[in-house]
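The structure under discussion appears below in the form of structure tokens.
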Number of protein chains: 2
Amino acid sequence: MYIEIDFNSDEAIYMQLHNQIILGIATSRFREGDSLPSVRQLADTIGINMHTVNKAYTILKQEGYLKVDRRRGAVIAIDVDRIRALTELKRELQVILAKSSCKNISRAEVHEMIDEIYGNYGGQENAVTIYR
Amino acid sequence: MYIEIDFNSDEAIYMQLHNQIILGIATSRFREGDSLPSVRQLADTIGINMHTVNKAYTILKQEGYLKVDRRRGAVIAIDVDRIRALTELKRELQVILAKSSCKNISRAEVHEMIDEIYGNYGGQENAVTIYR
DNA sequence: GGTTCTGTTATACAAATATTATAACAGGCT
DNA sequence: AGCCTGTTATAATATTTGTATAACAGAACC
């Protein structure tokens, strides 16, 4: 587990942890079926409170990234609710694209950046390397 | 001014206001040079405290969307810092694309959504309607 | 069976943040 | 002079965030 927490960030610790785990899944550092450390153990190695880790795990569960196996702890298990995911994506994109548009970032530049970032993530399309 | 605040949202009021004004600029409902209502007036029409509006305006100023003219109040004035804007865009995209990737949303779908949303925004490219 | 680890829940507390409330000041407008 | 502007200060309250301790039940291990 390589988790980096910036205690000077204005982003809440549980959110940083939450986001980094999602990043980890997207980049295949964590894979479906992998177990995450126990809340106490991870809290200990990071140096934060158990409840902060628990909060991140709880949210990840609600969002369908984790499931709890009594014997194996928190296990990566993606539950795909496409409609929900698409709705959230759109809502988030609306704001950040508005910002980009105001700052004269062209549509083409956004597309480029998407490709650049998505290249590091493993969507199902990534099994087939050819794209466009 | 058509501003909608959801008081049951988990998003802070000043943030909702902030985002909606940026949305308004991107969709040309507000244009460079337009004045926004005074902090007191807008606070009154929305039914919130003056300081909450002031906070939104202050942040928009820091981010380069507004300037204050002593005689005209808060005026839309975009200050483009491309490097900063691109950096922020990338940082934000990394997280939401990771989520999308985990939820099996393909790169092509993201591109489509970008086009769909960006079509409503007025980048400089929009003057020329032809794209791709 | 006893010990240890797990997730979960409850409670309490401190710190930071968000929101409201009043008030004041200086500059521009009419 | 009176009104509206942005700005600042200060205080009070509510909510959120993070920490601290404790307990419980289920699974694992010896």
Side-chain angles (χ1 to χ4, degrees), chain A residues 1 3-22 30 33-79 95, chain B residues 1 3-22 30 33-79 95:
Chain A
M1 285 284 287
I3 298 282
E4 289 274 338
I5 300 295
D6 176 7
F7 291 95
N8 296 325
S9 170
D10 53 346
E11 197 173 28
I13 297 176
Y14 76 91
M15 247 317 158
Q16 292 185 49
L17 186 50
H18 166 271
N19 288 343
Q20 288 202 36
I21 290 173
I22 292 178
F30 309 136
D34 283 359
S35 295
L36 293 181
S38 78
V39 288
R40 292 169 226 259
Q41 191 180 322
L42 184 53
D44 213 49
T45 62
I46 297 178
I48 59 177
N49 192 276
M50 177 197 73
H51 289 86
T52 307
V53 178
N54 196 41
K55 185 167 187 177
Y57 280 18
T58 301
I59 294 174
L60 286 167
K61 256 178 289 174
Q62 287 171 349
E63 294 175 339
Y65 293 99
L66 293 183
K67 274 184 182 145
V68 171
D69 184 318
R70 248 321 182 172
R71 63 193 81 176
R72 302 189 43 227
V75 179
I76 309 284
I78 308 295
D79 172 49
V95 177
Chain B
M1 285 283 287
I3 299 282
E4 290 273 339
I5 299 295
D6 176 7
F7 291 96
N8 295 325
S9 170
D10 53 344
E11 196 173 27
I13 297 176
Y14 77 91
M15 247 317 158
Q16 293 184 49
L17 185 51
H18 166 271
N19 287 344
Q20 288 203 34
I21 290 173
I22 292 179
F30 309 137
D34 283 359
S35 294
L36 292 182
S38 77
V39 287
R40 292 169 227 259
Q41 191 180 320
L42 184 53
D44 215 47
T45 62
I46 297 179
I48 57 175
N49 192 275
M50 177 198 74
H51 289 87
T52 307
V53 178
N54 196 43
K55 185 168 186 176
Y57 279 19
T58 301
I59 294 175
L60 286 167
K61 257 180 288 172
Q62 287 170 349
E63 294 175 338
Y65 294 99
L66 294 183
K67 274 183 182 145
V68 172
D69 182 320
R70 247 319 180 175
R71 65 193 80 178
R72 304 192 37 231
V75 179
I76 309 285
I78 309 294
D79 173 49
V95 178

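Remember, predicted model here, so these are calculated numbers, not experimental data. Labels below follow one simple rule: chain letters A, B, ... track the order of the sequence lines, proteins then strands, and each chain is numbered from 1.
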* Structure fact -> Between A:His51 and A:Gly73, whichever has its closest DNA chain C nucleotide further toward 5' is A:Gly73

* When we call it a touch if two heavy atoms are under 4.0 Å apart, what does A:Arg72 touch: a base, just sugar-phosphate, or nothing? -> nothing

* To do: Say whether, by atom type as modelled, one donor and one acceptor occur between the side chain of B:Thr52 and the main chain of B:Ile48 under 3.5 angstrom.
  => no

* Structure fact -> Here the distance between atom P of C:dG7 and atom CD of A:Gln62, to the nearest Å, is 16 Å

* **Side chain to side chain, B:His18 and B:Glu63, heavy atoms closer than 4.5 Å** => yes

* Using atom types as modelled and distance alone, determine if a side-chain donor or acceptor of A:Ser35 lies under 3.5 Å from a backbone N or O of A:Arg72. => yes

* Asked: Atom CD1 of B:Ile13 to atom P of C:dT17: distance rounded to whole Å?
  -> 18 Å

* Asked: Any side-chain heavy atom of A:Asn54 within less than 4.5 Å of one from A:Asn49?
  -> no

* Asked: Are any of A:Ser38's side-chain N or O atoms less than 4.0 Å away from OP1 or OP2 of C:dT6?
  -> yes

* To do: Looking at every strand, decide which applies to A:Lys67 at a 4.0 Å heavy-atom threshold: base, sugar-phosphate, or nothing.
  => nothing

* Nearest-Å distance for atom pair NZ/C1', residues A:Lys55 and C:dG7 -> 18 Å

* Minimum-distance pair of heavy atoms, taken over all atoms of B:Tyr57 and B:Ile21 -> CE1-CD1, 3.9 Å

* Identify the heavy atoms of B:Gln20 and B:Ile5 that sit nearest to each other, and give their distance. => NE2-N, 4.5 Å

* Nucleotide range of DNA chain D contacted by chain B, 5' to 3', under 4.0 Å to a heavy atom? -> D:dT5 to D:dA9

* Atom CG of B:Asp69 and atom C1' of C:dG27: how far apart are they, to the nearest Å? -> 12 Å

* **Heavy-atom pair with the smallest gap, counting every atom of A:Met50 and A:Val39** => CG-CG2, 3.9 Å

* **side chain to side chain contact (heavy atoms under 4.5 Å, CB included) evaluation trace for B:Val68 with B:Val75** => CA-CA 6 Å; B:Val68 172; B:Val75 179; over 6 Å; no

* Asked: Over how many whole Å does the gap from A:Asn49 atom CG to C:dA14 atom P extend?
  -> 15 Å

* To do: Go through the steps to decide whether A:Glu11 and A:Asn19 satisfy the test side chain to side chain contact (heavy atoms under 4.5 Å, CB included), and finish with yes or no.
  => CA-CA 10 Å; A:Glu11 197 173 28; A:Asn19 288 343; 3.1 Å; yes

* Structure fact -> Here the distance between atom P of C:dT19 and atom CG of B:Asn54, to the nearest Å, is 13 Å

* Structure fact -> Whole-Å distance, A:Tyr57 OH to C:dT6 C1', equals 12 Å

* To do: Report the distance from atom OH of A:Tyr14 to atom C1' of C:dA16, rounded to the nearest whole Å.
  => 13 Å

* Asked: Angle, rounded to 10°, between the helical axes spanning five pairs at each terminus of the helix from C:dG1-D:dC30 to C:dT30-D:dA1?
  -> 20°

